[in-house]
There are 2 protein chains.
Amino acid sequence: MESLSKRTGGARPPDATLEVHLGYWLRLVSNEVSGAFARALHARQVSVAEWVALNQMSSSEAATPAKLAAAMGMTRGAISKVLDKLERKRLIARTTSPRDSRVQLLSLTAHARRTLPGLTEIADSNDRHFFSALAPGEQASLQRLLRRLAEAHGMTRIPVD
Amino acid sequence: MESLSKRTGGARPPDATLEVHLGYWLRLVSNEVSGAFARALHARQVSVAEWVALNQMSSSEAATPAKLAAAMGMTRGAISKVLDKLERKRLIARTTSPRDSRVQLLSLTAHARRTLPGLTEIADSNDRHFFSALAPGEQASLQRLLRRLAEAHGMTRIPVD
DNA sequence: TATTGTTATACTCTATAACTATA
DNA sequence: TATAGTTATAGAGTATAACAATA
């Protein structure tokens, strides 16, 4: 750094402003990977937010709009629209809770349970496509580093966009 | 994989669908890092697309809307709107090329040259904030892995969203 | 009064396609 | 005809705030 500054008369390399940031490379790769995934999902008429919601509902006992909103870091209003779309596609059902009739209980339809494995396979194959460029040990390193960052900063919300 | 299936009787752990994907962790961390950066830029009334455009213009000799569109992976129409906003903020100027009057030459204003270092400092400090959770060697590893993925898949567009 | 879910509204971002003016 | 840039229009996605029903 010091020597570079001296060599170039104190001026920065003019085109190095963006690429020096780790955040730049993270965003570059993440956008490509997620973008390809979103396009593959889109071919099945499913958005990433819808896919995440379906997954949440399949892995948690009692899903409600409010719980989904908290888990996905979206407002209840936004979740309501996502659920409207899923309901129109006959992938979820809403039923009023018998315990508290303000609460809507969300459940996957049989159609959704048949559809979900195919969507998971899209995610699997998208992962394989991009990360097979790394050796297995490198993939493990990458995951370890990312998980460490997530833990260090308390990242808990499921990323949707 | 095989042994896991046998051990669990062929059933998958029901809540492992999302977190097993490297793409999931990549998106989780990237969204947090980029989101924090976008919010910090927003406090200076600048969007990420605007910041990228300013950087491109500061590091390339002859910037034009078409070149920016290609570099940033956006349509010319979308770039035109970004440039409108930058012009309204007096950060760029558009002048007609003397060689080809269809072409608009883009340049930074003096105000932009005074503003840009502050924005770069936001990017620097955002990087420091998030990645200081990793040791220097780990940060280097992460960058190396990400760059490898970018190269392996020919990722060249500057990520904007 | 507080909470759940929905709806009304608005805003940001971007794409598509039509358009103007040059070449 | 082809190209550079702009503009008109539309769509996706999400937030804010007002609302109805229930606790």
Side-chain angles (χ1 to χ4, degrees), chain A residues 27 31 34-35 37-39 41-53 56-57 62-89 92-107 157-161, chain B residues 27 31 34-35 37-39 41-43 45-53 57 62-89 92-107 157-161:
Chain A
R27 194 165 74 251
N31 283 358
S34 292
F37 179 51
R39 283 189 294 278
L41 278 184
H42 186 254
R44 307 274 194 105
Q45 330 291 347
V46 177
S47 73
V48 175
E50 288 164 23
W51 177 74
V52 170
Q56 277 297 103
M57 292 170 53
T64 70
K67 286 180 186 172
L68 271 187
M72 296 171 64
M74 295 172 67
T75 63
R76 286 173 301 159
I79 284 290
S80 203
K81 286 196 150 194
V82 171
L83 296 174
D84 284 348
K85 293 193 177 181
L86 289 172
E87 196 174 34
R88 226 171 295 128
K89 292 171 194 165
I92 67 158
R94 296 193 247 216
T95 57
T96 302
S97 166
R99 299 204 166 194
D100 181 341
S101 50
R102 291 173 305 182
V103 173
Q104 292 289 299
L105 299 178
L106 305 170
S107 57
R157 284 172 180 176
I158 302 169
V160 168
D161 58 348
Chain B
R27 193 165 75 250
N31 283 359
S34 292
F37 178 52
R39 284 189 294 278
L41 278 184
H42 186 254
Q45 331 290 347
V46 176
S47 73
V48 174
E50 289 165 22
W51 178 73
V52 170
M57 293 170 52
T64 70
K67 286 179 185 173
L68 271 188
M72 297 170 65
M74 294 172 67
T75 62
R76 287 172 301 159
I79 285 291
S80 202
K81 286 198 149 188
V82 171
L83 296 173
D84 284 348
K85 293 194 176 178
L86 288 172
E87 196 173 34
R88 224 171 297 127
K89 292 169 194 166
I92 66 158
R94 296 192 248 219
T95 57
T96 302
S97 166
R99 299 203 167 195
D100 181 341
S101 50
R102 292 172 306 182
V103 173
Q104 292 290 298
L105 299 177
L106 305 170
S107 57
R157 286 172 178 175
I158 302 169
V160 169
D161 56 349

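Computed from a predicted structure; not experimentally measured. Labels below follow one simple rule: chain letters A, B, ... track the order of the sequence lines, proteins then strands, and each chain is numbered from 1.
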Euclidean distance, atom CG of residue B:D161 to atom P of D:dA12 [Å, nearest integer]: 17 Å

Whole angstrom value for the distance that separates P of C:dT4 from CG of A:L68: 14 Å

Residue list, side chain to side chain contact (heavy atoms under 4.5 Å, CB included) with B:A63, at least two apart or on another chain: B:M57, B:S60, B:L106

A:R157 CZ: over 12 foreign heavy atoms closer than 6.0 Å: no

Length of the line joining B:L106:CG and D:dA4:P, which is rounded to integer Å: 14 Å

Protein-nucleotide distance (A:H42, atom NE2; D:dG11, atom P), rounded to Å: 13 Å

Nucleotides 19-23 of chain D: which of its N/O atoms have a protein N/O under 3.5 Å away?
{"residue": "D:dT22", "atom": "O3'", "partner": "A:S101", "partner atom": "OG", "Å": "2.6"}
{"residue": "D:dA23", "atom": "OP1", "partner": "A:S101", "partner atom": "N", "Å": "3.1"}
{"residue": "D:dA23", "atom": "OP1", "partner": "A:S101", "partner atom": "OG", "Å": "3.0"}

DNA chain D contacts made by residues 77-88 of chain A, counting heavy atoms under 4.0 Å: A:A78, A:K81, A:K85

Chi angles and distances behind the side chain to side chain contact (heavy atoms under 4.5 Å, CB included) call for B:V160, A:N31: CA-CA 9 Å; B:V160 169; A:N31 283 358; over 6 Å; no

Atom-to-atom span, CE of B:M74 to P of C:dT12 - whole angstrom: 15 Å

A:K67 NZ - C:dT4 P separation (whole Å): 11 Å

From D:dA15, C:dT6, C:dT16, nucleotide with atom closest to B:T75 side chain: C:dT16

Non-neighbouring partners of B:D100 that pass salt bridge (Lys or Arg N to Asp or Glu O under 4.0 Å), sequence neighbours left out: B:R102

OP1 or OP2 of D:dG5 under 4.0 Å from side-chain N/O of B:R94: no

Pairing residues for B:K67 by the salt bridge (Lys or Arg N to Asp or Glu O under 4.0 Å) criterion, not counting sequence neighbours: none

Contact list for residues 41-53 of chain A, test salt bridge (charged side-chain N to carboxylate O under 4.0 Å, His left out), sequence neighbours left out: A:E50-A:K89

Nearest-angstrom distance from the residue atom CZ of B:R39 to C1' of C:dT12: 16 Å

Nearest-Å distance for atom pair CZ/C1', residues A:R76 and C:dT7: 12 Å

Under the side chain to side chain contact (heavy atoms under 4.5 Å, CB included) test, residues paired with A:T75 that sit two or more places apart: A:A78

Qualifying residues under side chain to side chain donor-acceptor pair (under 3.5 Å), relative to A:T96, sequence neighbours excluded: A:Q104

A:R88: partners by side chain to side chain contact (heavy atoms under 4.5 Å, CB included), with sequence neighbours left out: A:D84, A:K85

Sugar-phosphate only, base, or nothing, as touched by B:V48 at under 4.0 Å among non-hydrogen atoms: nothing

